[in-house]
Amino acid sequence: VRSSVFRCGRLLSTSSRCRTVMPAWVIDKYGSNEVLRFTKNASFPIISYPNELIIKVFAAGLNPIDVAMRGGYGAATWSMKRDPLNIKQTGSEFPLILGRDVSGVIMECGLDVKYFRERDEVWAAIPPWKQGSLAEFVVLSANEVSHKPKSLSHVEAAAIPYVAATAWSALVNTGGLRKDNCANKRILILGGSGGVGTFAVQMVKSWGAHVTVTCSQNAERFVRGLGADHVVDYTAGPVEELLSVLEKFDLILDNVGGDTEHWALKLLKPWSGAKYITLVTPFLQNTDRLGVADGMMQTAATVATKTFKHLMKGVHYRWGFFAPSGPVLDEIRDMVDAKQVRAVVEETFSFSQVPQAFEKVEKGHNRGKTVVQIS
Ligand code: NDP
């Protein structure tokens, strides 16, 4: 529980007060991999609010959103989050540091930080509107941070927060799943071999669900090793036909998108509260294309129309989103330390190899996570 009190006595220690710059990979404009630039002179993070803390980064996880953000994805929405009054000039987000997962050690605590102290080992999923973890230090709010699992190395720990927080937000907050209501539920995970899929499979399996997964044939053994009960190779023929002969499902998590929503909702048990949740939504494209206000209106109209259409057929249509949360990571830490879920690190890169790590994630066909070891 987050009730134990420890007040860090200082806003900044002498050692960090002296630092004004740090090594980091930054981008100065949106584009392809060439925009990634290493610098030893990135701004050292500053504690601006008393509930913030500075983490020395030991390992950083990469996600497809880092590749997308490198190209400008979500820029309109994140700009609004960073600068709600629209005071700053266009491009004020640069130099921008990517990297959404961090595992490291707390260096400094703001005056109101009660649950953490210096030298605590922590992990976090970093909201996309904040500076990321491909740097020596990162500043976050204490409520986004959690003590890291003791049983994992920093590299392993950095493979979990962003995908786990996304899977939790989609399956628990949106899907209504809990550890005590999953027994015998039939769950279908479309795209089970990537970052979110490998975590989601383990999570619902540990809660007693029956888990069916779609993936490429060469990932079948891999996802079975994570607990999948039934695996469907989507490259073996029309996947909707292969799935339609199976008993219907209570919940579908869609990590694939595209045309899946045209057929997947027919696989749900109708009039039973069954839900389809997709992580692949047009929300950020809409705000990038139309601006924040019109994009949000368009998004609301689209989701309302689809929700109503499917409700008439007795199934629930939902969009799932990443949500940063230290308390959720506390729960996931306990699952990790209890060996109910594990980190799936596909490949590790050194800090000097960040562009290669981006290339790896961008190529797709991911089998778990790509992690950068920072120090
Ligand atoms: P990854 O790239 O790690 O994994 C995607 C996986 O899907 C790969 O293993 C790929 O392997 C597999 N795949 C591709 N096509 C299919 C298919 N037709 N059927 C089954 N499997 C397929 O991505 P993540 O797991 O990190 O993210 C999944 C999706 O969720 C992404 O689109 C991401 O942008 C989105 N997302 C959305 C969030 C939100 O807030 N809404 C948050 C996090 C992620 P192979 O090609 O070899 O089959």
Side-chain angles (χ1 to χ4, degrees), residues 61-71 73-74 77-78 81 100-101 125-129 158-171 173-175 188-203 212-223 226 228 230-243 252-264 267 277-287 299 303 318-325 328 343-347 357-371:
L62 282 191
N63 292 274
I65 192 170
D66 292 303
V67 175
M69 282 178 67
R70 190 199 64 203
Y73 175 74
T77 302
W78 313 141
K81 287 289 288 183
R100 304 271 64 91
D101 290 300
I126 303 172
W129 54 92
I160 292 182
Y162 188 80
V163 292
T166 301
W168 189 282
S169 166
L171 294 169
N173 303 347
T174 307
L188 170 61
I189 298 186
L190 298 170
S193 54
V196 178
T198 49
F199 189 85
V201 170
Q202 298 184 79
M203 184 172 131
T212 302
V213 166
T214 66
C215 63
S216 300
Q217 194 252 329
N218 69 10
E220 176 168 350
R221 261 184 71 186
F222 169 65
V223 295
L226 298 169
H230 190 81
V231 180
V232 174
D233 169 14
Y234 78 92
T235 63
V239 69
E240 61 269 40
E241 286 174 25
L242 301 171
L243 290 166
I252 299 173
L253 177 67
D254 185 355
N255 301 311
V256 173
D259 74 345
T260 47
E261 68 179 52
H262 296 137
W263 48 262
L267 306 172
I277 302 159
T278 181
L279 290 176
V280 187
T281 80
F283 171 54
L284 291 170
Q285 283 102 318
N286 285 346
T287 53
T299 299
V303 77
R318 296 278 186 276
W319 287 356
F321 293 101
F322 160 74
S325 168
V328 163
V344 184
V345 180
E346 183 182 14
E347 197 165 349
F358 270 79
E359 274 168 23
K360 159 82 187 74
V361 176
E362 194 163 14
K363 271 189 200 135
H365 309 299
N366 296 311
R367 302 287 176 260
K369 295 304 306 292
T370 296
V371 178

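When a ligand or atom number is given, it counts from 1 through the structure's own listing order.
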Problem - Contact check: Thr166 vs ligand 1, nitrogen or oxygen atoms, below 3.5 angstrom - result: no
Handout entry: Which residue and heavy atom of the protein sit nearest atom 33 (C) of ligand 1, plus the separation
Key = Pro64 CB, 4.6 Å
Problem - Under-4.0 Å heavy-atom contact with ligand 1, by part of Phe322 that carries it - result: both
Exercise for the section: Could you tell me the separation between the CZ atom of Phe222 and the OG atom of Ser216, rounded to the nearest 0.5 Å? Expected result: 11.5 Å
Practice task
Return the minimal non-hydrogen interatomic distance between Gly175 and Ile277, and the atom names on each side.
Solution key: CA-CD1, 3.5 Å
Problem - From CZ (Arg100) to CG (Leu62), nearest 0.5 Å - result: 10.0 Å
Practice task
Walk me through it: do Leu267 and Glu240 pass the test side chain to side chain contact (heavy atoms under 4.5 Å, CB included)?
Solution key: CA-CA 9 Å; Leu267 306 172; Glu240 61 269 40; 5.9 Å; no
Problem - Within 6.0 angstrom of Gln217 CD, more than 12 heavy atoms from elsewhere - result: no
Practice task
Examine Gly320 against ligand 1 and note whether any of their N/O atoms are separated by less than 3.5 Å.
Solution key: yes
Exercise for the section: State whether the side chain of Thr174 and the backbone N or O of Leu171 hold a donor-acceptor pair below 3.5 Å, judged by distance alone. Expected result: no
Fill in the blank from the handout: Note: Leu226 and Gln202 closest approach over all heavy atoms is O-CG, 3.7 Å
Handout entry: atom 37 (C) of ligand 1: the protein heavy-atom neighbour that sits closest, reported with distance to 0.1 Å
Key = Leu279 O, 3.2 Å
Problem - Within-cut-off N or O pair, Gly195 and ligand 1, under 3.5 Å - result: yes
Exercise for the section: Could you tell me whether the side chain of Glu346 and the main chain of Arg367 form a donor-acceptor pair under 3.5 Å? Expected result: yes
Exercise for the section: Please state whether Ile65 comes within less than 4.0 angstrom of ligand 1, counting heavy atoms only. Expected result: no
Exercise for the section: Could you tell me whether some N/O pair between Tyr162 and ligand 1 is separated by less than 3.5 angstrom? Expected result: no
Handout entry: Any Asn63 heavy atom less than 4.0 Å from ligand 1
Key = no
Practice task
Give the residue and atom name of whichever protein heavy atom lies nearest to atom 13 (N) of ligand 1, and the separation in Å to one decimal.
Solution key: Tyr234 OH, 4.0 Å
Problem - Region of Val256 engaging ligand 1 - heavy atom pairs below 4.0 Å - result: side chain
Practice task
Before signing off on this row, confirm whether Gly194 and ligand 1 have an N or O atom pair separated by under 3.5 Å.
Solution key: yes
Practice task
Record the part of Val196 in heavy-atom contact with ligand 1 below 4.0 Å; permitted values are side chain, backbone, both and neither.
Solution key: both
Exercise for the section: Quick one: look up the protein heavy atom nearest atom 2 (O) of ligand 1 and list residue, atom name and how far away it is. Expected result: Asn366 ND2, 2.9 Å
Problem - Part of Ser193 within contact of ligand 1 (heavy atoms, under 4.0 Å) - result: both
Practice task
Give me the ring orientation class for Phe321 and Phe283: parallel if the planes are under 30° apart, tilted from 30 to 60°, perpendicular past 60°.
Solution key: perpendicular
Practice task
Starting at CG of Leu279, measure out to CG of Asp254 and round the result to the nearest 0.5 Å.
Solution key: 7.5 Å
Handout entry: Nearest-0.5 Å distance that lies between atom SG in Cys215 and atom CG in Asp233
Key = 7.0 Å
Problem - atom 32 (O) of ligand 1: the protein heavy-atom neighbour that sits closest, reported with distance to 0.1 Å - result: Val280 CG2, 3.7 Å
Fill in the blank from the handout: Honestly, for Arg367 the part within reach of ligand 1 (heavy atoms, under 4.0 Å) is side chain
Handout entry: Closest protein heavy atom (residue, atom, distance) for atom 28 (C) of ligand 1
Key = Asn255 O, 3.4 Å
Practice task
Might you point out which heavy atoms bring Tyr162 and Asp101 nearest each other, and give the distance in Å?
Solution key: N-OD1, 2.5 Å
Problem - Side-chain donor or acceptor of Thr214 paired with backbone N/O of Gly191 under 3.5 Å - result: yes
Handout entry: Nearest neighbour in protein (non-hydrogen) for atom 7 (O) of ligand 1
Key = Gly191 CA, 4.1 Å
Handout entry: atom 46 (O) of ligand 1: nearest protein contact (heavy atom, Å)
Key = His365 ND1, 2.8 Å
Completion exercise
Counting heavy atoms under 4.0 Å, the part of Trp319 that contacts ligand 1 is neither
